[in-house]
Protein chains: 2
Amino acid sequence: MTDWKAATFNVNGIRARLPVLLEWLDAQRPHLVCLQEIKCQDKDFPESAFSEAGYRAVWKGQKSFNGVAVLSTEPPDQVVSEAGDEILDSEARFLAVKTRGVWVINTYVPQGRSPDDPAFAYKLDFLKRTARWIASHFTPEDPVLWTGDINVAPDPLDVFDPQRLDGKVGFHPEERKLFQEILSWGLTDLFRHLHPEEKQFTFWDYRLPRSVQRNLGWRLDHMLVTRPLVRAARDCFVDTAPRTRPKPSDHTPLVAVFHLEDLAG
Amino acid sequence: MTDWKAATFNVNGIRARLPVLLEWLDAQRPHLVCLQEIKCQDKDFPESAFSEAGYRAVWKGQKSFNGVAVLSTEPPDQVVSEAGDEILDSEARFLAVKTRGVWVINTYVPQGRSPDDPAFAYKLDFLKRTARWIASHFTPEDPVLWTGDINVAPDPLDVFDPQRLDGKVGFHPEERKLFQEILSWGLTDLFRHLHPEEKQFTFWDYRLPRSVQRNLGWRLDHMLVTRPLVRAARDCFVDTAPRTRPKPSDHTPLVAVFHLEDLAG
DNA sequence: GCAGGTTACG
DNA sequence: CGTAACCTGC
């Protein structure tokens with residue numbers, strides 16, 4: 001009844017993904033969706049398509065790449081589109097909103113290119129600075145949800161071939177260690193918490209032939225939540241349907257359901 | 001019963017036009033179709049889509065632009081893919097086939113850019129050389145069909161605003177005069193012959209807003225036939241349906257029906 | 001306005 | 001593989 005359904009979805013181009021996204025919104029009817037890689041300038045964001053579907057939208061775009069947005073059935077109570085951090089604000093990768101007493105931080109973490117590329121250092125820095133931003137604004141007892149395409153598969157269970165992929169960007173020891181350090185502040189990887197053994201990916205590379213059919217995927221999209229939201233969580237699951245539609249994104253949505261009454265108690 | 005239905009269609013990209021083209025083939029079931037602006041290299045021609053639809057295909061493509069093809073329910077008896085003329089063969093614009101005793105010359109005549117551009121001289125040359133090729137191989141008593149996107153609107157009836165367009169490429173006095181000289185050898189503009197008063201276009205520019213709804217078109221695609229085929233002709237009409245479909249070409253097909261028994265007589 | 005080709009990015 | 005961008009051509 002008062003359950004609150006939140007989701008994250010790297011759409012890889014919001015204009016190209018409108019059919020898939022609208023169909024999925026209609027099927028799942030989440031209260032809030034964090035989108036990444038909208039890949040459009042602010043003026044090109046298809047706001048009316050979402051208002052017609054019953055969603056308010058806030059977005060932060062740029063030309064060609066990156067870009068994040070939050071769709072919600074209720075307008076957010078607060079929006080932070082500039083973190084006040086030169087790295088977090090250097091590209092359109094960070095957007096936070098407050099709604100229903102919950103702070104939602106939506107990030108599109110840099111992919112990192114390769115471990116010896118400056119982009120990898122930038123990625124680690126981006127992760128640290130997002131964690132620092134959260135720690136400087138909240139405590140682990142505040143209801144905080146850091147979600148989005150985090151671009152880190154934290155565990156061998158989270159990639160299709162941990163031997164072969166060990167050391168590759170997205171499954172590099174340095175990223176995995178940092179991911180755990182970030183959690184240690186007081187965040188929980190909600191999907192893994194609720195499904196300790198489940199091998200479930202959120203991303204399948206376009207470039208690997210038949211990657212979906214062969215399940216050659218990665219779990220890169222996450223819901224990292226503070227303790228109040230762990231207690232309130234009812235469910236967390238990956239919806240693979242959008243990845244099987246015509247003209248899919250290379251990612252598919254991750255969904256969580258919270259019973260927000262449990263926050264007060 | 002032994003009627004033979006032939007058509008010409010500038011598809012403006014055969015890969016982009018496959019849905020529209022296949023739907024139209026299914027509706028009209030022509031025995032032969034001349035295509036122009038297939039805009040693909042030979043290796044990229046979607047042959048199997050046509051064989052599955054019951055059509056044999058011969059084609060002559062190049063990278064990016066131009067490109068012509070002939071689809072037919074029966075394999076052609078002869079194919080001429082090189083005219084042996086440096087202008088006619090300089091780009092993929094000329095393809096002739098013999099079938100049912102009829103020689104069909106399919107051309108994508110250069111558009112000409114503007115009257116002061118070298119492309120305009122090239123266009124006039126291409127027209128003259130095609131006419132010369134025909135005259136050197138046939139007599140006006142042979143059954144010959146020169147069809148395709150001829151890129152000339154021969155008469156004020158053939159453009160949406162003859163005053164405003166006078167002198168523009170496609171409706172320039174020099175092209176119109178040449179067109180008539182070419183006919184004088186022994187060719188008949190079959191559509192105009194059968195419909196002397198009809199204002200019916202085959203092309204509507206994408207760049208003019210709502211050009212189709214406002215009928216701001218040109219008659220640029222033709223069936224130029226020798227006397228035996230004039231006598232055999234039963235019908236010649238423009239099918240505007242494909243221009244009203246989603247993702248249309250800027251041209252629409254021109255169709256002719258011939259009673260080939262009449263050739264013998 | 002729409003096609004195709006190219007490049008950047010992942 | 002696939003998105004967006006920029007380019008050419010009609």
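In what follows, every chain begins at residue 1, and chains take the letters A, B, ... in the order their sequences are listed. This structure is a prediction, so every number in the text was calculated from the model and none was measured. Below, all heavy atoms of this structure are taken into account, side chains as well, without hydrogens, waters or symmetry copies.
Spacing between atom CZ of Phe203(B) and atom C1' of dA3(C) amounts to 13 Å, rounded to whole angstrom units. Here the P atom of nucleotide dA5(D) and the CD atom of Gln62(A) are 10 Å apart, to the nearest Å. Rounded to an integer number of Å, the gap from Gln213(B) CD to dG1(C) P is 13 Å. When rounded to the nearest whole Å, the span between CD of Glu91(B) and C1' of dT8(D) equals 14 Å. As a whole-Å value, the separation of Arg214(B) CZ from dG1(C) P is 12 Å. Atom CH2 of Trp204(B) is separated from atom C1' of dC10(D) by 17 Å (rounded to the nearest Å). In this entry the distance linking NZ of Lys43(B) with C1' of dG4(C) reads 12 Å, nearest Å. Between the CG atom of Leu208(A) and the P atom of dG2(D) there is a distance of 13 Å, given to the nearest Å.
Other residues, nucleotides and ligands place more than 12 heavy atoms under 6.0 Å from the NZ atom of Lys199(A).
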Pull out every protein N or O sitting under 3.5 Å from an N or O of nucleotides 6-10 of chain C, one pair per line with the distance.
residue, atom, partner, partner atom, Å
dT6(C), OP1, Lys63(B), NZ, 2.9
dG10(C), OP2, Arg113(A), NE, 3.3

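In this structure, Trp218(B) and Phe160(B) have perpendicular ring planes: the angle between them is above 60°, well past the 30° mark.
In summary, of the residues considered (Val97(A), Val68(A), Asn106(A)), a side-chain contact (heavy atoms from CB on, under 4.5 Å) with Cys34(A) occurs for Asn106(A) alone. Residue Thr130(B) is tested with Val109(B), Asp85(B), Ile105(B) for a side-chain contact (heavy atoms from CB on, under 4.5 Å); the sole match is Ile105(B).
Here Arg219(B) pairs with Asp189(B) in a salt bridge; the nearest charged N to carboxylate O distance falls below 4.0 Å.
Lys247(A) has a side-chain polar atom (N or O) that falls below the 4.0 Å cut-off from OP1 or OP2 of dT3(D).
For the pair Val238(B) and Gln200(B), the tightest heavy-atom approach, listed with the atom from each and the gap, is CG2-CG, 3.4 Å. Annotation for Pro248(B) and Tyr206(B): closest pair O-OH, 2.7 Å, computed over non-hydrogen atoms.
For the residue pair Asn151(B)/Gln111(B), the side-chain donor-acceptor check at 3.5 Å is not satisfied.
Between the side chain of Thr147(A) and the main chain of His222(A), a donor-acceptor pair closer than 3.5 Å is present.
A heavy atom closer than 4.0 Å to some atom of DNA chain D occurs in Asn12(A), Gly13(A), Arg15(A), Ala16(A), Arg17(A), these being the qualifying members of residues 8-19 of chain A.
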